[in-house]
Amino acid sequence: MPTFNTLRFPYGEEINWLSPVNVTETLAPSLNTWLMAPDSLTQKLKDQCQHFEVKVLGEGMMTSCVGEFPQQQKVWVREVLLCLDGEPWVFARTLIPQQLMSKKQADFLALGSKPLGELLFTTNEFIPGKIEIAKFSLSSKLAALATSLHQEVNEPLWGRRRYFHFHSEELIVSEVFLPTAKDNIFKISQKQAAS
(Lines give C-alpha, C1' and ligand atoms only; values in the text may rest on other atoms or scores of the structure.)
Protein backbone atom coordinates (compact mmCIF):
# COMPACT_ATOMS: atom_id res chain seq x y z
CA MET A 1 0.00 0.00 0.00
CA PRO A 2 1.27 3.50 -0.78
CA THR A 3 2.21 5.87 1.99
CA PHE A 4 0.77 9.32 1.55
CA ASN A 5 3.32 11.00 3.86
CA THR A 6 1.97 14.42 4.85
CA LEU A 7 -0.77 14.37 2.22
CA ARG A 8 -4.32 14.03 3.43
CA PHE A 9 -7.90 14.31 2.23
CA PRO A 10 -8.92 16.35 0.35
CA TYR A 11 -6.27 15.96 -2.33
CA GLY A 12 -8.11 17.92 -5.01
CA GLU A 13 -7.43 21.62 -5.40
CA GLU A 14 -8.91 24.64 -7.09
CA ILE A 15 -7.66 24.95 -10.64
CA ASN A 16 -8.56 26.76 -13.82
CA TRP A 17 -10.74 24.41 -15.86
CA LEU A 18 -11.06 25.28 -19.55
CA SER A 19 -13.39 24.46 -22.38
CA PRO A 20 -11.46 22.17 -24.75
CA VAL A 21 -11.64 24.84 -27.49
CA ASN A 22 -9.71 27.23 -25.23
CA VAL A 23 -6.80 24.87 -24.54
CA THR A 24 -3.79 26.24 -26.43
CA GLU A 25 -1.43 23.32 -25.79
CA THR A 26 -1.33 20.40 -28.19
CA LEU A 27 -2.22 17.17 -26.43
CA ALA A 28 -1.23 13.71 -27.57
CA PRO A 29 -4.16 12.36 -29.63
CA SER A 30 -4.32 9.22 -27.46
CA LEU A 31 -4.71 11.25 -24.24
CA ASN A 32 -7.12 13.69 -25.85
CA THR A 33 -9.38 10.80 -26.90
CA TRP A 34 -9.66 9.67 -23.28
CA LEU A 35 -10.15 13.20 -21.94
CA MET A 36 -13.02 13.81 -24.34
CA ALA A 37 -14.61 10.33 -24.16
CA PRO A 38 -18.39 10.91 -24.13
CA ASP A 39 -19.31 7.61 -22.48
CA SER A 40 -18.46 6.18 -19.06
CA LEU A 41 -14.75 6.47 -18.25
CA THR A 42 -15.26 3.73 -15.66
CA GLN A 43 -16.33 1.29 -18.37
CA LYS A 44 -13.48 2.40 -20.63
CA LEU A 45 -11.02 1.64 -17.82
CA LYS A 46 -12.65 -1.69 -16.99
CA ASP A 47 -12.17 -2.77 -20.59
CA GLN A 48 -8.39 -2.45 -20.12
CA CYS A 49 -7.89 -4.76 -17.13
CA GLN A 50 -8.72 -8.03 -15.44
CA HIS A 51 -9.42 -6.46 -12.03
CA PHE A 52 -10.92 -3.00 -11.55
CA GLU A 53 -10.92 -1.50 -8.06
CA VAL A 54 -12.02 1.73 -6.41
CA LYS A 55 -9.93 2.86 -3.43
CA VAL A 56 -11.67 5.54 -1.40
CA LEU A 57 -9.27 8.24 -0.21
CA GLY A 58 -11.92 10.16 1.69
CA GLU A 59 -15.42 11.59 1.61
CA GLY A 60 -17.42 14.05 3.63
CA MET A 61 -19.31 17.34 3.74
CA MET A 62 -17.02 20.36 3.29
CA THR A 63 -17.29 24.09 2.88
CA SER A 64 -14.00 24.64 1.06
CA CYS A 65 -15.43 23.91 -2.39
CA VAL A 66 -18.07 26.62 -2.50
CA GLY A 67 -16.23 28.20 -5.44
CA GLU A 68 -17.49 25.31 -7.57
CA PHE A 69 -21.08 25.98 -6.51
CA PRO A 70 -21.45 29.68 -5.63
CA GLN A 71 -25.04 29.22 -4.48
CA GLN A 72 -24.26 26.38 -2.07
CA GLN A 73 -22.97 26.54 1.48
CA LYS A 74 -21.76 22.96 1.71
CA VAL A 75 -20.63 20.30 -0.76
CA TRP A 76 -20.15 16.57 -0.32
CA VAL A 77 -16.66 15.66 -1.53
CA ARG A 78 -15.67 12.10 -2.50
CA GLU A 79 -12.15 11.32 -3.67
CA VAL A 80 -11.03 7.93 -4.96
CA LEU A 81 -8.33 6.18 -6.94
CA LEU A 82 -9.43 4.06 -9.89
CA CYS A 83 -7.04 1.11 -10.03
CA LEU A 84 -6.47 -1.36 -12.86
CA ASP A 85 -4.88 -4.65 -11.86
CA GLY A 86 -3.59 -3.04 -8.67
CA GLU A 87 -2.16 0.10 -10.34
CA PRO A 88 -3.77 3.53 -9.73
CA TRP A 89 -4.59 5.07 -13.11
CA VAL A 90 -7.03 7.85 -12.25
CA PHE A 91 -7.68 10.19 -9.33
CA ALA A 92 -11.41 10.97 -9.28
CA ARG A 93 -13.14 13.70 -7.27
CA THR A 94 -16.89 14.15 -7.02
CA LEU A 95 -18.58 17.31 -5.73
CA ILE A 96 -22.25 17.03 -4.79
CA PRO A 97 -24.15 20.10 -3.53
CA GLN A 98 -25.80 19.58 -0.14
CA GLN A 99 -29.30 19.96 -1.57
CA LEU A 100 -28.74 17.21 -4.14
CA MET A 101 -26.97 15.07 -1.54
CA SER A 102 -30.00 15.21 0.72
CA LYS A 103 -32.24 14.00 -2.12
CA LYS A 104 -29.98 11.14 -3.26
CA GLN A 105 -28.12 10.39 -0.03
CA ALA A 106 -29.05 6.70 0.02
CA ASP A 107 -27.52 6.17 -3.44
CA PHE A 108 -24.35 8.16 -2.83
CA LEU A 109 -23.60 6.85 0.66
CA ALA A 110 -24.16 3.28 -0.49
CA LEU A 111 -21.37 3.51 -3.07
CA GLY A 112 -18.57 2.43 -0.75
CA SER A 113 -15.92 0.95 -3.04
CA LYS A 114 -18.25 0.83 -6.04
CA PRO A 115 -17.58 3.27 -8.90
CA LEU A 116 -19.83 6.32 -9.16
CA GLY A 117 -19.77 5.91 -12.94
CA GLU A 118 -22.02 2.87 -12.69
CA LEU A 119 -24.68 4.93 -10.91
CA LEU A 120 -24.38 7.86 -13.31
CA PHE A 121 -24.49 5.84 -16.53
CA THR A 122 -26.86 2.98 -15.66
CA THR A 123 -29.88 5.09 -14.77
CA ASN A 124 -31.68 7.78 -16.72
CA GLU A 125 -31.73 10.11 -13.73
CA PHE A 126 -28.40 11.77 -14.45
CA ILE A 127 -27.77 13.57 -17.74
CA PRO A 128 -24.09 13.97 -18.75
CA GLY A 129 -23.16 17.56 -19.57
CA LYS A 130 -20.17 19.52 -20.76
CA ILE A 131 -16.55 18.45 -20.34
CA GLU A 132 -13.76 20.82 -19.29
CA ILE A 133 -10.06 20.01 -19.02
CA ALA A 134 -7.14 21.25 -16.94
CA LYS A 135 -3.39 20.83 -16.50
CA PHE A 136 -1.92 20.10 -13.06
CA SER A 137 1.64 21.33 -12.61
CA LEU A 138 4.55 19.37 -11.16
CA SER A 139 4.08 21.30 -7.92
CA SER A 140 0.37 20.45 -7.59
CA LYS A 141 -1.08 18.35 -4.79
CA LEU A 142 -2.05 15.69 -7.33
CA ALA A 143 1.50 15.46 -8.63
CA ALA A 144 2.57 14.93 -5.00
CA LEU A 145 -0.14 12.26 -4.64
CA ALA A 146 1.14 10.47 -7.76
CA THR A 147 4.69 10.58 -6.38
CA SER A 148 3.46 9.08 -3.09
CA LEU A 149 1.99 6.25 -5.18
CA HIS A 150 5.51 5.55 -6.50
CA GLN A 151 4.72 6.96 -9.93
CA GLU A 152 7.31 9.15 -11.60
CA VAL A 153 5.94 12.59 -12.43
CA ASN A 154 8.08 14.06 -15.21
CA GLU A 155 5.47 16.28 -16.80
CA PRO A 156 2.18 17.94 -15.85
CA LEU A 157 -0.88 15.79 -15.31
CA TRP A 158 -4.04 16.31 -17.33
CA GLY A 159 -7.58 15.81 -16.19
CA ARG A 160 -11.16 16.51 -17.07
CA ARG A 161 -14.29 17.43 -15.21
CA ARG A 162 -17.82 16.75 -16.26
CA TYR A 163 -21.13 18.09 -15.10
CA PHE A 164 -24.02 15.69 -14.52
CA HIS A 165 -27.53 17.11 -14.29
CA PHE A 166 -30.22 15.80 -11.98
CA HIS A 167 -33.37 17.78 -12.82
CA SER A 168 -32.46 21.41 -11.99
CA GLU A 169 -29.33 20.47 -10.00
CA GLU A 170 -25.90 19.24 -10.96
CA LEU A 171 -22.88 17.46 -9.58
CA ILE A 172 -19.31 17.61 -10.85
CA VAL A 173 -16.96 14.68 -11.43
CA SER A 174 -13.29 15.37 -12.14
CA GLU A 175 -10.88 12.67 -13.28
CA VAL A 176 -7.13 13.20 -13.45
CA PHE A 177 -4.92 10.78 -15.36
CA LEU A 178 -1.92 9.67 -13.32
CA PRO A 179 1.44 8.87 -15.02
CA THR A 180 0.67 5.13 -15.15
CA ALA A 181 -2.53 5.86 -17.08
CA LYS A 182 -0.83 8.17 -19.53
CA ASP A 183 1.90 5.60 -20.27
CA ASN A 184 -0.64 2.83 -20.78
CA ILE A 185 -3.02 4.95 -22.86
CA PHE A 186 -0.15 5.60 -25.27
CA LYS A 187 0.60 1.86 -25.47
CA ILE A 188 -3.10 1.09 -26.05
CA SER A 189 -3.26 3.56 -28.94
CA GLN A 190 -0.09 2.11 -30.46
CA LYS A 191 -1.57 -1.41 -30.37
CA GLN A 192 -4.82 -0.21 -31.89
CA ALA A 193 -2.95 1.59 -34.66
CA ALA A 194 -0.93 -1.54 -35.43
CA SER A 195 -3.95 -3.86 -35.58
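The basis for the numbers below is simple: all heavy atoms, side chains too, and nothing from hydrogens, waters or symmetry mates.
With values rounded to the nearest 0.5 angstrom, Leu116 atom CG is found 14.0 Å from Arg93 atom CZ. Interatomic distance, CD1 of Ile127 versus CD of Glu170, reported as 12.5 Å (0.5 Å rounding). Once rounded to the nearest 0.5 Å, the distance linking NZ of Lys130 with CZ of Arg160 reads 14.5 Å.
At distances below 3.5 Å, not a single donor-acceptor pair connects side-chain atoms of Glu169 with backbone N or O atoms of Pro97. A donor-acceptor contact shorter than 3.5 Å links the side chain of Lys141 to the backbone of Pro10. Glu79 contributes no side-chain N or O that, together with a main-chain N or O of Phe9, makes up a donor-acceptor pair within less than 3.5 Å. For the pair Ser140 (side chain) and Ala143 (backbone), a donor-acceptor distance under 3.5 Å is present. The main-chain N or O of Pro88 is found under 3.5 Å from a side-chain atom of Gln151 such that the two form a donor-acceptor pair.
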Discussion item. Checking Ile133 against Leu27 for the side-chain contact (heavy atoms from CB on, under 4.5 Å) test, could you report, in this order, the C-alpha distance in whole Å, the side-chain angles of both residues, the deciding distance, and whether it holds?
Written reply: CA-CA 11 Å; Ile133 62 177; Leu27 294 172; 4.0 Å; yes
Discussion item. For a side-chain contact (heavy atoms from CB on, under 4.5 Å) check, start with the C-alpha distance between Tyr11 and Leu142, then their side-chain angles and the critical distance, and finish with the verdict.
Written reply: CA-CA 7 Å; Tyr11 298 91; Leu142 292 184; 4.1 Å; yes
Worksheet item: Can you check side-chain contact (heavy atoms from CB on, under 4.5 Å) on Val54 and Leu82, steps first, answer last?
Response: CA-CA 5 Å; Val54 175; Leu82 305 181; 3.9 Å; yes
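Proximity of Cys49 to Trp89: side-chain heavy atoms (C-beta onward) are nowhere separated by under 4.5 Å. Looking only at side-chain heavy atoms (C-beta outward), Leu95 and Trp76 stay at 4.5 Å or farther from each other. Residues Asp85 and His51 form a side-chain contact, since some pair of their non-hydrogen atoms from C-beta on lies under 4.5 Å apart.
The salt bridge (charged side-chain N to carboxylate O under 4.0 Å, His left out) search around Glu53 returns none, not counting sequence neighbours. Considering only residues two or more places apart in sequence or on other chains, Glu25 meets the salt bridge (charged side-chain N to carboxylate O under 4.0 Å, His left out) condition with Lys135. The ring pair (Phe, Tyr, Trp, His ring centres under 6.0 Å) check on Phe121 picks up Phe164, with sequence neighbours excluded. Residues passing the ring pair (Phe, Tyr, Trp, His ring centres under 6.0 Å) test with Phe52, sequence neighbours excluded: none.
A side chain to side chain donor-acceptor pair (under 3.5 Å) with Glu125 is found for exactly one of Lys104, His165, His167, namely Lys104.
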Could you give the side-chain donor-acceptor pairs of residues 34-42 under 3.5 Å, partners two or more places apart or in another chain?
| from | atom 1 | to | atom 2 | distance (Å) |
| --- | --- | --- | --- | --- |
| Ser40 | OG | Thr42 | N | 3.3 |
| Ser40 | OG | Gln43 | N | 3.1 |

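Residue pairs satisfying the side-chain hydrogen bond (donor to acceptor under 3.5 Å, both in side chains) criterion with at least one member in residues 112-121, sequence neighbours excluded, are listed as follows: Lys46-Glu118.
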